Amino acid sequence: MTNDNRTDEEIKAEARGGRNLVILGIASIAISIITTVASLLIYHNSGDIYIDRSRPGFLPDKSENETKPDNYTFSDSGNITSKDLEEYLKHLDKTIQSANNIEDPFSSDPLTDESLGIKPSERK
Amino acid sequence: MNCSSFRQSLKSLQQADSKTRVILGTTYQSILSNYISPLNVRLTKNNTPNLALTEIQGDFVAARDDFTARFIKYSQSLESLIAIDCQNNPDDFYHQLERVRKEREKLSISVEKVNEALDDHREAVTQFKESLEKKND
């Protein structure tokens, strides 16, 4: 069967099929762009971006990965004795110490005019 | 104003703050899931729930959530500050800097509140331990 034997209806259907395929491709790309933009907006506006350290420039240092955590977990079953609580407090203090090693977290010092090098004449 | 120098300092601060948040955040999470929560569950399972410890757990969770929310707010304002062209908009830059300072102060207070809840918890556990010791004597 040659092309000449095709009816007008068949030729139109083939053209419609090709057009539909292009529309499907464009629609797929448009949907993926919209959903990507929407997810990035949610990621940014929810604030998750600020607590995500997998961003370039915020990746953990090698030394941070090498610090060994205290793997102690207090069991949630069994009787409780004063000895259990003594052990509990010993490990708790060790864990708290890792946070206390940061001296004065979020102190105002790094944002003072002096730290930033803002001269009194430049203050508004 | 040496704007490129400010921007560099603020970006370094942003990275240092991010590191601090992770250390504090993971420590708080570890304290909650490995210590405070299992202790209260164990007390409840033994039919001896400790009201003070349960209340402190609620305070600790609220303080930790507040810390996370404050950090996000502070980071947003710091990012806005970094985005301002201080060469052409020095007034905007300085006003935004004031806002960032206030947000940082609130963030610092939120860390203190978490520490207060932790101190309360430690104190309550110590008292509970002492009461158990007295019972055994």
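Letters A, B, ... mirror the listed sequences (proteins, then strands); counts begin at 1. From a predicted model like this one, the values you see are computed outputs, not experimental measurements.
Neither the backbone nor the side chain of A:D52 comes within less than 4.5 Å of any heavy atom in chain B. If you measure heavy-atom distances from A:S115 to chain B, you find no contacts under 4.5 Å at all. Heavy-atom distances place the side chain of A:D84, and not its backbone, under 4.5 Å from chain B. Only the side chain of B:T68 comes within contact range of chain A, with at least one heavy atom under 4.5 Å from a heavy atom of that chain. When heavy atoms are compared at a cutoff of 4.5 Å, B:S9 approaches chain A solely by way of its side chain, counted from C-beta outward. For A:I102, the part lying near chain B is the side chain, with the backbone staying farther off; criterion is any non-hydrogen pair under 4.5 Å. Contact annotation for B:L97: only side-chain heavy atoms (C-beta onward) come within less than 4.5 Å of a heavy atom of chain A. When heavy atoms are compared at a cutoff of 4.5 Å, B:S18 approaches chain A by way of both its backbone and its side chain.
Residues A:H44 and B:E79 form a side-chain contact, since some pair of their non-hydrogen atoms from C-beta on lies under 4.5 Å apart. You'll find the side chain of A:T81 stays beyond 4.5 Å of the side chain of B:L132, heavy atoms only. Using a 4.5 Å cut-off on side-chain heavy atoms (C-beta onward), B:I36 and A:F74 make no contact. When side chains are defined from C-beta on, A:L85 counts as touching B:L39, because their heavy atoms get closer than 4.5 Å. Counting heavy atoms from C-beta on, the side chains of A:N79 and B:R42 never come closer than 4.5 Å. For the pair A:S108 and B:E105, the minimum side-chain heavy-atom distance is 4.5 Å or more. Contact of the A:S82 side chain with the B:E130 side chain is not registered, since no non-hydrogen atoms from C-beta on lie closer than 4.5 Å. Contact annotation: the side chain of B:N34 never approaches that of A:H91 to less than 4.5 Å [non-hydrogen atoms, C-beta and beyond].
In terms of heavy-atom proximity, A:S98 sits nearest to B:I23 at O-CG2, 4.0 Å. Scanning all heavy atoms of the two residues, the minimum distance from B:V111 to A:P105 falls at CG1-CG, 3.9 Å. Nearest heavy atom pair, residue B:T27 against residue A:A99, reads CG2-CB, 3.8 Å. Pairing each heavy atom of B:Q76 with each of A:N45, the nearest pair is NE2-O, 4.0 Å.
Each of A:I96, A:D93, A:D104, A:D48 has some count of heavy-atom pairs under 4.5 Å with chain B, and the biggest count is that of A:D93. Of the listed residues (B:T48, B:T26, B:N115, B:I72), the one with the most heavy-atom contacts under 4.5 Å to chain A is B:I72.
In the model, A:D113 has a side-chain atom that pairs as donor or acceptor with a side-chain atom of B:Y94 under 3.5 Å.
B:D17 places no side-chain N or O within donor-acceptor distance of the main-chain N or O of A:F106, the cut-off being under 3.5 Å. The backbone N or O of A:L111 sits nowhere less than 3.5 Å from a side-chain atom of B:R104 that would complete a donor-acceptor pair.
Ring centers of A:Y72 and B:Y35: under 6.0 Å apart, within the cut-off.
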